[in-house]
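Reviewing the structure listed below.
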Amino acid sequence: KTTFALNYLVQECCANRNQTYGYIAPTYTQAKSIAVVDPMMLKRYLPSDVCKKPFNESELRQEFITGSVLEMKGADNPDSIRGVGWKGVVLEEWAMMRHGRQIWEEILEPIFRENNGWAIFIFTPKGRNFAYEYLLKSQDPKNSEWMCSVLKASQSGLIDGDQLIKARESMPQRLFNQEFECDFLEDASGVFHGVEEIVGGDVELPRQNHKYIMGVDLGRTNDF
């Protein structure tokens, strides 16, 4: 997903003059890791002959000979995104962004409504959150503005079959379905399921000389 997104952004910057495009990762650190640190990402797919000057590592900004610009930001600081004049944007791991809905609905969508821009959302399911709502919207045949593409690991051929079998054996089935098979789980990180259906009784005041047992789960996310 990331490889496609970065190549599409570079292509747009090369094909259009004097436009600005954006890439947003869940955090600024992740954006910098993809743009600067990982040699298999932006550095690999950014031809030097289309660059006006070297990539600005401090501002995560690339200027092209077409006059177009690619900017990379982190979703952990939504205010840094306000006021951008992007023609297009890619939101990386949108479902994991703490302010994902706000960034799209309050900051970016008004801009693209005004300049007829475009947005690409790439993510792995993370429960039935705002990303799931938009997935359903994209699948509505009456909504021609949106489209979606879902590619499960078992269908893509990108991961060796033996590795998928090992992953299935080592992970809880629900987590495997989410991470590899694109399933949107109602409770993405829950350990105990169907609790409400089996719990009985009513809340009552504590009784004197009565022993109580309390269980505490210290795992926060995906700590199976």
Tell me whether Val84 is reachable from Tyr8 by hopping between hydrophobic residues (I, L, V, M, F, W, Y) whose side-chain heavy atoms are closer than 4.5 Å. no

Got a sec, which pairs hit salt bridge (charged side-chain N to carboxylate O under 4.0 Å, His left out) with one end in residues 138-149, sequence neighbours left out? Arg113-Glu145

With sequence neighbours left out, which residue pairs that include part of residues 28-53 fulfil the side-chain hydrogen bond (donor to acceptor under 3.5 Å, both in side chains) condition? Thr27-Gln30

Heavy-atom closest pair (Gln163 atom, Ile159 atom, distance to 0.1 Å) is CB-CG2, 4.0 Å

Could you list all the ring pair (Phe, Tyr, Trp, His ring centres under 6.0 Å) pairs where at least one residue sits in residues 163-183, not counting sequence neighbours? Phe176-Phe180

Determine whether Leu91 and Ile120 satisfy the following criterion, side-chain contact (heavy atoms from CB on, under 4.5 Å), listing intermediate values before the conclusion. CA-CA 6 Å; Leu91 294 99; Ile120 296 175; over 6 Å; no

Given side-chain contact (heavy atoms from CB on, under 4.5 Å), test Cys51 with Glu63 step by step and report yes or no. CA-CA 6 Å; Cys51 300; Glu63 297 183 23; over 6 Å; no

Here the gap from Lys152 atom NZ to Asn177 atom CG, rounded to the nearest 0.5 Å, amounts to 8.5 Å

Go through the steps for Leu42 and Leu9 under the test side-chain contact (heavy atoms from CB on, under 4.5 Å), then give the verdict. CA-CA 10 Å; Leu42 186 61; Leu9 286 168; over 6 Å; no

Got a donor-acceptor contact below 3.5 angstrom from the Glu93 side chain to the Thr124 backbone? yes

Are Leu135 and Phe4 connected, step by step, through hydrophobic side chains (Ile, Leu, Val, Met, Phe, Trp, Tyr) whose heavy atoms are closer than 4.5 Å? no

Taking ring pair (Phe, Tyr, Trp, His ring centres under 6.0 Å) as the definition, give me every residue that meets it alongside Phe55, ordered by chain and number, with sequence neighbours left out. none

Sequence neighbours left out, cut at 3.5 Å: what donor-acceptor pairs do the side chains of residues 15-26 make with other protein atoms?
| residue | atom | partner | partner atom | Å |
| --- | --- | --- | --- | --- |
| Asn16 | ND2 | Glu12 | O | 3.0 |
| Asn16 | ND2 | Tyr21 | OH | 3.2 |
| Tyr23 | OH | Glu92 | OE1 | 2.9 |

Measuring only between side-chain heavy atoms, which start at C-beta, is Met72 closer than 4.5 Å to Gln62? no

First locate atom CG of Leu6, then atom CD1 of Ile34, and finally report the distance between them rounded to the nearest 0.5 Å. 7.0 Å

Val90-Ile81 co-clustered via ILVMFWY side chain contacts under 4.5 Å: no

Between atom CE of Met40 and atom OG1 of Thr3, what is the distance when rounded to the nearest 0.5 Å? 8.0 Å

Are Met96 and Tyr132 linked, directly or through intermediate hydrophobic residues, by side-chain heavy-atom contacts shorter than 4.5 Å (ILVMFWY only)? no

Cys182 SG to Phe123 CZ distance, which is reported to the nearest 0.5 Å: 9.5 Å

Shortest non-hydrogen pair, Ile107 vs Pro78, comes out as CD1-O, 3.6 Å

Do Ile122 and Val89 belong to the same hydrophobic cluster, where Ile, Leu, Val, Met, Phe, Trp and Tyr are linked whenever their side-chain heavy atoms lie under 4.5 Å apart, directly or via other members? no

Would you mind telling me which of Ile65, Leu70, Thr66 makes a side-chain contact (heavy atoms from CB on, under 4.5 Å) with Ser68? Thr66

CZ/Arg82: more than 12 non-hydrogen atoms of other groups inside 6.0 Å: yes

Taking only residues at least two apart or on different chains, which pairs with a member in residues 63-99 satisfy ring pair (Phe, Tyr, Trp, His ring centres under 6.0 Å)? Trp94-Phe121, Trp94-Phe130, Trp94-Tyr134

Residues, nucleotides or ligands: over 12 heavy atoms within 6.0 Å of Gln173 CD: yes

Test item: Val69 and Glu71 side chains (from C-beta on) under 4.5 Å apart, heavy atoms: yes

When rounded to the nearest 0.5 angstrom, what distance separates NZ in Lys87 from CZ in Phe112? 9.5 Å

Closest approach of Ala75 and Met97, non-hydrogen atoms and distance? CB-SD, 3.6 Å

Between Tyr212 and Pro206, the two heavy atoms sitting closest are OH-CA, 3.5 Å

For Glu105 against Glu109, the heavy-atom pair lying closest together: CA-OE1, 4.1 Å

If I take atom CG from residue Leu108 and atom CD from residue Gln102, how far apart are they, to the nearest 0.5 angstrom? 10.5 Å

Run the side-chain contact (heavy atoms from CB on, under 4.5 Å) check on Leu136 and Gln139 step by step: do they pass? CA-CA 5 Å; Leu136 295 181; Gln139 295 174 334; 3.9 Å; yes

